[in-house]
Amino acid sequence: MRVARAERLAKISVRGVVQGVGFRPFVYQLATRYGLKGWVLNTSGDVRIGVEGGEDSLQGFIQDLEGKAPPLALIEDVSVESLPSFGYDRFEIRHSLSEEDRYQLISPDIATCDACKSEIFSPSDRRYRYPFTNCTNCGPRFTIIEDIPYDRPRTTMRHFQMCPDCQREYDDPLDRRFHTQPNACPVCGPSLRLIAGDGKTIPGDEITISNQLLRGGKILAIKGLGGFHLACDATNDEAVKTLRERKRRPYKPLAIMLPTLDEIRGHSELSKEEVELLTSPHCPIVLARWKDSSNVSRGVAPGLKYLGVMLPYTPLHHLLLRETGLPLVMTSGNISEEPIARDNDEALLRLGGIADYFLIHNRDIYARYDDSVATVEEGKTQLIRRARGYAPSPIHLPFKSRQVLGCGGELKNTFCLTREEHGFLSQHIGDMENIETLEHYENTIELYKKLFRIQPKVVACDMHPDYLSTRYALKLAREQGIAIIPVQHHHAHIVSCMVENGIQEPVIGVAFDGTGYGSDGRIWGGEFLIADYKGFERKGHLEYVPMPGGDAAVERPYRMAISYLYTLLGENTLNGKLNFLNQVDSFEIDLVKKQIEKNINSPLTSSCGRLFDAVSALLGIRKRIDYEAQAAVELEMAAPDGFGDIKAYPFSILEQDGVRIIKLGDLFRAIIADMERGLAASEISLSFHHTLAQMVARMCRTISDETDINMVALSGGVFQNRLLSRLTIAALKEDGFTVLTHSMVPTNDGGISLGQAVVANFVEC
Ligand code: ZN
Ligand code: ZN
Ligand code: FE
């Protein structure tokens, strides 16, 4: 029987993050509330809805679809087609439809919601103390999905058959676990196992015993969402020291997890925005001001003013943290630069020398996924490491892109696949210096290609011929006969910053970082460019100095100090008056001089990172480094927090063939004079930062006067330096510039794959 004529059928397609976030039950409940009939289903590309009923009800339904969507849904587009009514007799959720070549966005993993949290702490609940509790609004997503559409058989949860109670929740459109793919309970779901280093299972309650072990100073490897953490009592100096020794990481800062926001406040000063970020569903590690009164071991972040803090984001974390009552170190389960360990066997093998015990479980992790790391500057979130809670959500592109793969750089690698208006910037992959990371990289590229149905027609890479990512690009281009576009490192940095700010017109790009292969074959890193998506012109840079010994100069910053002094001020400067030289073997000083003089393995660099290294070593702050940019970070930390009038050091700008070169001789002469006057390193550090900000401001003014461009994009790892960023932005704004900075795309090399892909998209091939 046909329904009344006033009724019609609306066919609706919703795109965005609308799967795995409780969208279909929401649609079901909404349709029921409006008395509408029809269906809803997931496809590979969207959520499709057919609803029929009266005009007012349909209008209300469509309005609420966007207005009242579940918290984790991110609606990008709703399109509605009006048809004559069909005569459905009820509203139903239909089977998912898999379609070739369509794609949809995939939710990142989401921190445990309040409803689930209260269940695991309620003794009467059937999920009391169950560490794998989740629901439509929280839990694992990206780390368990193997293909789309997102349904249980295509996740690592397919190995667990739901019990009748869980199945009932799953089938009930009014239940908050309706179609929750990772739904589980103690009867049917994954379970914990605690094992000793020798592989023997420890009987008893895993969480209680783990807590006893942690309180006793032991190191545990704990399987989480995207891999293993190494955990220990963060207030126990000895435990932290042991962890560092075993991990072979004497200085690199470790993150800690605390049970509640109040607990975090006991150790860190938090701004309103930092609180919001910590408690958001992304739940990243936030680098927040470390209180002097905190009893967290200083060994957790030696020499730093900031402490990486986060809240528990899985039920297992909540249970462990609440029951130990301790701040726990929670650092990636890996040795030095290998990727985070994922599988149980792999963890036992690779972390066997580090952890005393292993708290494991039997839910497989499909994608490795590190914790994200963020800072908040002037109220704005800045991701330093973009992974859990953020990837694989795309970066919105201000244009429609071809399918391009940007292969990224070497350190802090990510890759980026583009399609239409989406830039799928991968989660942090790691430093591409070993075979394990390369394998992780290749596998993750394949996963993204599959999930987002992307077959790149163009591959972009860095210009550095020896990067593993460049070699991967070359291999891909050769095997698949696709075009390869090398993109200059700093051009990629600047474009990544433009893209995330939605800017397409040319900007003045200031790219300050450690290392990037230049178009002239030298090592760039203190660059002033005029750039847009199609190309760039190098308008200026820090002056070139040799890097004696290449990589050795990166690991031993005093080599850079010697290089600057010797090159800019002459050999006489390197005399007994300079304290830092007394700590260097005189044989090595002679060797460095010889390397510079004879140009033996001493590539020229304009790197701002190396300039920081040199000043740090010259002031006696850091001779050798354990992690990237350590010397520069410690130089920043040396500067005082508050400051009134700051002195700037002199510098000059020289024009050569239309390119402006910032000469640094006067700067070093002035620093040495201040040292001889006995001025504190803290004062010198502050003036040095201020001077760099002045250099940027003066260069940008000159370039702007020539080009009429009034917008400056700041990018490159050096801008992780919060003091330098603050001073530079202030100086530029004071001069009337519009300043673009990073937020969701890292300013370090974790962002360049996006810039590469965008530049390559605009190359005709
Ligand atoms: Zn939940
Ligand atoms: Zn169950
Ligand atoms: Fe870089």
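Just follow the structure's listing: the first ligand is 1, and inside any ligand the first atom is 1. All of these numbers come straight from a predicted model, not from anything done at the bench.
Between Leu192 and Phe132 the shortest side-chain heavy-atom distance falls below 4.5 Å.
The Zn ion (ligand 2) is the vertex of the angle joining SG of Cys185 and SG of Cys163, which measures 100° to the nearest 10°. Around the Zn ion (ligand 2), the two atoms SG of Cys188 and SG of Cys166 are separated by an angle of 110°, to 10 degrees. For Cys135 atom SG and Cys116 atom SG, the angle they make at the Zn ion (ligand 1) is roughly 100°, to 10 degrees. Here Cys138 contributes SG and Cys113 contributes SG, and at the Zn ion (ligand 1) these two atoms make an angle of 120°, given to 10°.
Tyr441 and Tyr472 have perpendicular rings, their planes meeting at more than 60° on a 0 to 90° scale where under 30° would count as parallel. Taking the six-membered ring for Trp and thresholds of 30 and 60 degrees, Phe26 and Phe23 have ring planes inclined between 30 and 60 degrees apart. The aromatic rings of Phe688 and Phe612 stand perpendicular to each other, their planes meeting at an angle above 60°, with 30° marking the opposite boundary. Taking the six-membered ring where the residue is Trp, Tyr544 and His541 present tilted rings, their angle falling between 30° and 60°. Using cut-offs of 30° and 60° on the angle between ring planes, the pair His318 and Phe121 is perpendicular. Note: His229 and His317 have tilted aromatic rings, judged against thresholds of 30 and 60 degrees for the angle between ring planes.
Protein N/O/S atoms found under 2.8 Å from the Fe ion (ligand 3), listed by chain and residue number: His489 NE2, His493 NE2, Asp513 OD2, Asp749 OD1.
Remark: Arg726 engages Glu377 in a salt bridge, criterion side-chain N to carboxylate O under 4.0 Å.
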